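Have a look at the structure below before the remarks.
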Amino acid sequence: RGRITPNQECELFGFIAAAPENALQVRKWESEWKRQHIPSTNVLHSLAMFNAKVEHRDNRLRTRHRWLRFSAAAVVLTFLSTFTVFHLTKHHGSEQFFTVEAPQGTRSHITLYDGTQVWLNAGSTMSYTSDFNNTSRDIHLSGEAYFEVTHNPRRPFVVEFEGGEIQVLGTSFNVKAYRDDDIVAVTLDEGRVVLDDRRGGRFELSPSEQLLYDRRSGEGRIVRGADAMRYSIWKDDVISFRDTPLAEVLETLSRWYDVRFETDGQPDRPISYTFATDNTLLDSVLREMELISPVRFERTKTEIKVSFR
């Protein structure tokens, strides 16, 4: 009874990854539990919220992944509290492939099998194989994540992204590497990391340094004295901007709240924002922006229109 602990969660995923028939066994246990228990009101409420979320994203998910089919040896696991989506699919031979997703409008926190803590920002995915922590600790990231990596000098932790990889021993750092972004931002909180762009470029970071790496040119710029906490405060459900252009602010809000902005015209002068808020209501955030800048937001059924005063 109660919530599963992080260690129990790791053991469960390890059991499922060990053999295809284990996924079927877990499903049988779930069916047996449902026959013998009446879900509580909280569980039913969470299920209703989750089903509404799935319904909203049904078309998008269907194009990228097929949901659980035992004949294809694939399984999907979810945490209802954060709408984190886990995909487990058959890969080469007996190896299986996990994909962890934080859909638009959500953020999530998971514990990997080695004890490493990972926070995924909205619109991010992380993937790894069932061999994780056995012979290597390699994961692939598309999006933004904060890592607190468990120290293991025999098996460095490697974060792969499109255009390079980050090698880690044991540290805390933030990576922003959305697929559509040309600039990859790596901000180091503790420890040491090395970014290898796989074409001769290597960039080593010390604490309170940030690397801005251009995937197009292969050039990197290290900013010293970076406020590491500011770049990872999103994991505490705080939105923070400092001299951030309007376009980047709207892109961030679009991911956070799973909304679409449509801009009508251009402002008379460049607009940037410096503010932080833990207010989780989008309308409140937009009202704050209207108070401090010459913008106006208008909701429609499908989008939010942005105009300028």
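Bear in mind the structure is a predicted one, so any value in this text is a computation, not a measurement.
The environment of R198 atom CZ is dense: over 12 non-hydrogen atoms of other residues, nucleotides or ligands sit within 6.0 angstrom. Within 6.0 Å of the CZ atom in R199, the count of heavy atoms belonging to other residues, nucleotides or ligands exceeds 12.
Rounding to the nearest 0.5 angstrom, the gap separating the CG atom in D114 from the CG atom in N133 is 5.0 Å. A distance of 7.5 Å separates CG of L112 from CD1 of I139, quoted to the nearest 0.5 Å. To the nearest 0.5 Å, atom CD1 of residue I166 and atom CG of residue D196 are 10.5 Å apart. Separation of atoms CZ (R179) and OG (S124) is listed at 11.5 Å; rounding is to 0.5 Å. Put simply, CZ on R202 and CG on D197 are 10.0 Å apart, with the number rounded to the nearest 0.5 Å. A distance of 5.0 Å separates CZ of R260 from CD of E262, quoted to the nearest 0.5 Å.
The backbone N or O of T116 sits less than 3.5 Å from a side-chain atom of T150, completing a donor-acceptor pair. In this structure, the side chain of E209 engages the main chain of S206 through a donor-acceptor pair within 3.5 Å. Panel note: side chain R309, backbone V295; a donor-acceptor pair is recorded below 3.5 Å. Panel note: side chain T244, backbone R242; a donor-acceptor pair is recorded below 3.5 Å. Proximity of a side-chain donor or acceptor of S293 to a complementary backbone N or O of E290 within less than 3.5 Å is not detected. In this structure a side-chain-to-backbone donor-acceptor pair under 3.5 Å is missing from T99 to S127. Judged by distance alone, with hydrogens and angles left aside, the side-chain atoms of R155 form a donor-acceptor pair with the main-chain N or O of N134 at under 3.5 Å. The closest donor-acceptor contact from the side chain of D236 to the backbone of V238 lies at 3.5 Å or more, if one exists at all.
In summary, of the residues considered (D189, L211, V168), a side-chain contact (heavy atoms from CB on, under 4.5 Å) with F173 occurs for V168 alone. Exactly one residue among E144, K235, Q210 makes a side-chain contact (heavy atoms from CB on, under 4.5 Å) with N174. That residue is E144.
Within the 6.0 Å centre-distance limit, the rings of F157 and F147 are counted as a close aromatic pair. Note: F275 and F241 meet the aromatic proximity criterion, with ring centroids under 6.0 Å apart.
In this structure, a donor-acceptor pair under 3.5 Å is absent between the side chains of T129 and D131. Counting only N and O atoms by type, the side chains of D138 and Y128 include no donor and acceptor under 3.5 Å apart.
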Assess the residue pair D264 and K305 against the criterion (salt bridge (Lys or Arg N to Asp or Glu O under 4.0 Å)); give the C-alpha distance rounded to whole Å, side-chain angles, the decisive distance to 0.1 Å, and a yes or no. CA-CA 7 Å; D264 182 14; K305 291 186 176 182; over 6 Å; no
Steps toward salt bridge (Lys or Arg N to Asp or Glu O under 4.0 Å) verdict (R192, E204): CA-CA 7 Å; R192 183 176 68 89; E204 182 173 335; 3.6 Å; yes
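Because its NZ or CZ atom is not both nearer than 6.0 Å to the ring centre of F161 and within 45° of the ring axis, R215 does not count as a cation-pi partner of that residue.
The minimum heavy-atom distance between S172 and Y146, with the atom names listed, is CB-OH, 3.2 Å.
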